[in-house]
Amino acid sequence: MLTDIAISRAATLQPIGAIAAAAGIPPEAVEPYGHHKAKIDLSRLPATAAQGRLILVTAISPTPAGEGKSTTSVGLADALNRTGRKTMLALREPSLGPCFGTKGGATGGGYAQVVPMEDINLHFTGDFHAITSAHNLLAAMIDNHVHWGNALDIDVRRIVWRRVLDMNDRALRDIAQSLGGPANGYPRESGFDITVASEVMAILCLASDLHDLEARLGRIVVAYTRDRRPVTARDLKVDGAMAVLLAQAIKPNLVQTLEGTPALIHGGPFANIAHGCNSVIATRTALGLADYVVTEAGFGADLGAEKFFDIKCRQAALKPAAAVIVATVRALKMHGGVAKADLGAPDAEAVRRGGVNLARHIENVRAFGVPVVVAVNRFDGDTPDEFAVIEQIAAEQGCKAVLCTHWAEGGAGAEALAEAVVALCDHNAGQFAPLYSDELSLFDKINTVATRIYRAEEAIADASVHAQLARWEAAGFGHLPVCMAKTQYSFSTDPAKLGAPTGHVVPVREVRLSAGAGFVVAICGEIMTMPGLPRVPAAEGIRFGAGGEIEGLF
């Protein structure tokens, strides 16, 4: 069986100019990065109103058995194009951290991939490096301001802006900085987050254009004065320089699938610690060029889809026409209590037990007024009886389950899914609405997500968290949505509680204001904003082969 990277490398790719032309992008808007990648200069695109129908691909709660959300996104887009619908993909960029850690790459798999796979997974067009640099420039400017007299009266105990790095490095979660004497600044405690958790990443993905980007950067709250007044990036006069560093990164990246479907891959916040969606700019661009746009949100629907609806769609006034929830027989068996080593044995009853997870996600997505279809990503060894159970679970929730073989067959294996999605789009009455109103208090928004999406008894927090939220509300931030940072493996904050737990509590241990991005982050349970590497990192198996080709990337 060929590996994903072998399939990708064997493909004959079209020149990026041909992909752009097929998408309706004029040559003057294409800025090539080699033969098969390009930045798109939006100022050179003809003005068009968004006309496409937006399709969200999300999934059940992830398991080590795998679900294949990105693979399904690619397969669906290829299938839509195969069946005569002009379609584009709008996806996130992969982070280097997971590539060298546990998860691997994020370009799909089998015969449903975006390519060139190695380039996309490794540095790509440098967007993440630009975001890292802009973020850390702000950090340097804070410490420099304090060092040279602190005219803004920043309380060094209340500097909330940490540094970032696009790598899993647990040693940097909490650090002591500025040691070594007065020339190196004022010693204090700080730390690093991974770049995909940076507010700068969120801002790039939510900004509507370059001017909005700079305005949002200026609103970033980095610290507080001794009398608790917020200090912003604009106060430090660094917002302009940060925007300049991001001038190329804000342009969406154009690549292709193995079947030549145009794909805009841009931005990459994680969904377990950030808002989990590709850029608004890329999504709107695709909607103006294609009749159908396939996008995705990270991890399970309780995280990625909820944030897509409550943060991205709210801010960008997007109205999704349909949602696809990806599930596998294997993953549902794990939710039903089967060990990973035993997943090869047929067990329809375990699928039924684990199906409570799928049913919960269907209920949640439909609660936003978005019609749903279930895509069952087929693995070898899946049985008709097991698929029949999934069909029944979906039918009980008022939707359809479609068996898909795009991993092995490309777009041809997802044509039935494409027809089901088109049928949903054609009959969508446009009932989409976010889960909560802007007027609700910040903690009530947190509690609403906890009780209605996670089915918790309640969200809980120390008095200090409540006091911080109250201060932000008094300062005019109470209208913002919330971004829940929580384990992706469970509806609870305990990753071991699979299936569809109820009656638990969601402990909020910390809250962070992302004033530029336009949301408040609630950090729940033991989730970390700087992941660590596993016992056996994927990096151990990545190397150049005898012929100079990369091996082991995925």
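For the numbers below, each heavy atom of this structure counts, side chains included, while hydrogens, waters and symmetry mates do not. Model, not experiment: these values are computed from the prediction.
Residue V506 comes nearest to A450 through the heavy atom pair CG2-CB, 3.9 Å, listed as atom of the first residue, atom of the second, then distance. Here the shortest heavy-atom pairing between L206 and V280 reads CA-CG2, 3.9 Å. The two residues G268 and F128 make their nearest non-hydrogen contact at CA-CZ, 3.8 Å. Summarising the geometry of P262 relative to L254, their closest heavy-atom pair is CB-CD1, 4.2 Å, with the distance given to 0.1 Å. The two residues I273 and M528 come nearest to each other via the heavy atoms CG2-O, 3.3 Å. The shortest non-hydrogen separation linking V196 to S95 is CG1-CB, 3.7 Å.
Considering only heavy atoms from C-beta on, E118 comes within 4.5 Å of I5 through its side chain. Taking 4.5 Å as the limit, every side-chain heavy atom of P481 sits out of range of all side-chain heavy atoms of V520. Between R366 and P371 there is no side-chain heavy-atom pair separated by less than 4.5 Å. Residues I194 and F270 are in side-chain contact: their nearest non-hydrogen atoms beyond the backbone lie under 4.5 Å apart. By the 4.5 Å heavy-atom criterion applied to side chains, R92 and C277 are not counted as neighbours. At a threshold of 4.5 Å between non-hydrogen side-chain atoms, the residues W161 and V221 do not count as touching. Counting only heavy atoms from C-beta outward, the side chains of L480 and W472 never approach each other to under 4.5 Å. Between F387 and V351, every side-chain heavy-atom pair lies at or beyond the 4.5 Å cut-off.
A side-chain donor from one of H406 and T72 sits under 3.5 Å from a side-chain acceptor of the other. A donor and an acceptor atom, one from each side chain of T529 and D193, are located under 3.5 Å apart. Judged by distance alone, the side chains of S279 and H266 do bring a donor and an acceptor atom under 3.5 Å apart. Side-chain N/O atoms of E67 and N377 include no donor and acceptor closer than 3.5 Å. Inspection of the S73 and E296 side chains reveals an N or O donor paired with an N or O acceptor under 3.5 Å. Looking at T283 and N278, their side chains do bring a donor and an acceptor atom within 3.5 Å of each other.
To the nearest 0.5 Å, atom OG of residue S198 and atom CZ of residue R163 are 12.5 Å apart. Atom CZ of F124 is separated from atom NE2 of H129 by 12.0 Å, given to the nearest 0.5 angstrom. Between T448 atom OG1 and L440 atom CG the span is 5.0 Å, to the nearest 0.5 Å. Distance OG/S208 to CG/L213: 9.5 Å, rounded to 0.5 Å. Atom CZ of F299 sits about 4.0 Å away from atom CG of N272, to the nearest 0.5 Å. In this structure, the separation between CG on L332 and CG on L498 is 11.5 Å, given to the nearest 0.5 Å.
Remark: of the listed residues V421, I55, I325, V421 is the sole one forming a side chain to side chain contact (heavy atoms under 4.5 Å, CB included) with V373.
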Practice item. Tell me, with the steps shown, if L435 and F309 meet side-chain contact (heavy atoms from CB on, under 4.5 Å). Key: CA-CA 8 Å; L435 188 68; F309 296 140; over 6 Å; no
Check your understanding: salt bridge (charged side-chain N to carboxylate O under 4.0 Å, His left out) between D426 and R53: does it pass, once the steps are laid out?
Key -> CA-CA 10 Å; D426 288 345; R53 292 172 175 177; 2.5 Å; yes
Exercise for review: Might you work through the side-chain contact (heavy atoms from CB on, under 4.5 Å) test for I220 and I203, ending with a clear yes or no?
Suggested key: CA-CA 9 Å; I220 294 173; I203 286 171; 3.7 Å; yes
Practice item. Verify side-chain contact (heavy atoms from CB on, under 4.5 Å) between V521 and F519, making sure each step is shown before the conclusion. Key: CA-CA 7 Å; V521 180; F519 53 71; 3.6 Å; yes
Exercise for review: Evaluate the side-chain hydrogen bond (donor to acceptor under 3.5 Å, both in side chains) criterion for residues N253 and K39: first the C-alpha distance (whole Å), next the side-chain angles of each, then the deciding distance (0.1 Å), finally the verdict.
Suggested key: CA-CA 5 Å; N253 308 294; K39 285 281 186 184; 2.9 Å; yes
Review point. Going through the distances and angles, do R314 and D438 end up as a salt bridge (charged side-chain N to carboxylate O under 4.0 Å, His left out)?
Key: CA-CA 10 Å; R314 185 194 303 263; D438 293 342; 2.7 Å; yes
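Within a 6.0 Å sphere centred on CD of E526, other residues, nucleotides and ligands contribute 12 heavy atoms or fewer. Applying the 6.0 Å contact sphere to NZ of K86 captures more than 12 heavy atoms from other residues, nucleotides or ligands. The environment of CD in E396 is crowded: more than 12 heavy-atom neighbours from other residues, nucleotides or ligands sit within 6.0 Å. Annotation: Y489, atom OH; neighbour count of heavy atoms from other residues, nucleotides and ligands within 6.0 Å does not exceed 12.
For R284 and D209, the salt-bridge test fails: no basic side-chain N is under 4.0 Å from an acidic carboxylate O. Of the charged side-chain nitrogens involved, none lies within less than 4.0 Å of a carboxylate oxygen, so that R216 and E199 do not count as a salt-bridged pair. Using a 4.0 Å cut-off between charged side-chain N and carboxylate O, R82 and D78 make no salt bridge.
A donor-acceptor contact shorter than 3.5 Å links the side chain of D166 to the backbone of L96. Checked by atom type and distance alone, the side chain of K486 never pairs as donor or acceptor with a backbone atom of T493 at under 3.5 Å. Using a distance-only test at 3.5 Å, with no hydrogens or angles considered, no donor-acceptor pair links the side chain of R85 to the main chain of D291. E259 places a side-chain N or O within donor-acceptor distance of the main-chain N or O of G411, the cut-off being under 3.5 Å. Remark: side-chain polar atoms of K307 are paired, donor with acceptor, to backbone N or O of A271 under 3.5 angstrom. In terms of modelled atom types and a separation under 3.5 Å, the side chain of D4 and the main chain of G110 share a donor-acceptor contact. Side chain of T83 to main chain of A79: a donor-acceptor pair is present (N/O by atom type, distance under 3.5 Å, no hydrogens or angles). Side chain of K319 to backbone of C313: no donor-acceptor contact under 3.5 angstrom is found. Between the side chain of Q113 and the backbone N or O of T71 there is no donor-acceptor pair closer than 3.5 Å. A distance-only check finds a donor-acceptor pair linking the side chain of H135 to the backbone of R162 [under 3.5 Å].
Ring to ring, F491 and Y454 are not that close: their centroids are 6.0 angstrom or more apart.
Residues satisfying the side-chain hydrogen bond (donor to acceptor under 3.5 Å, both in side chains) test with R455, not counting sequence neighbours, are E363, N364.
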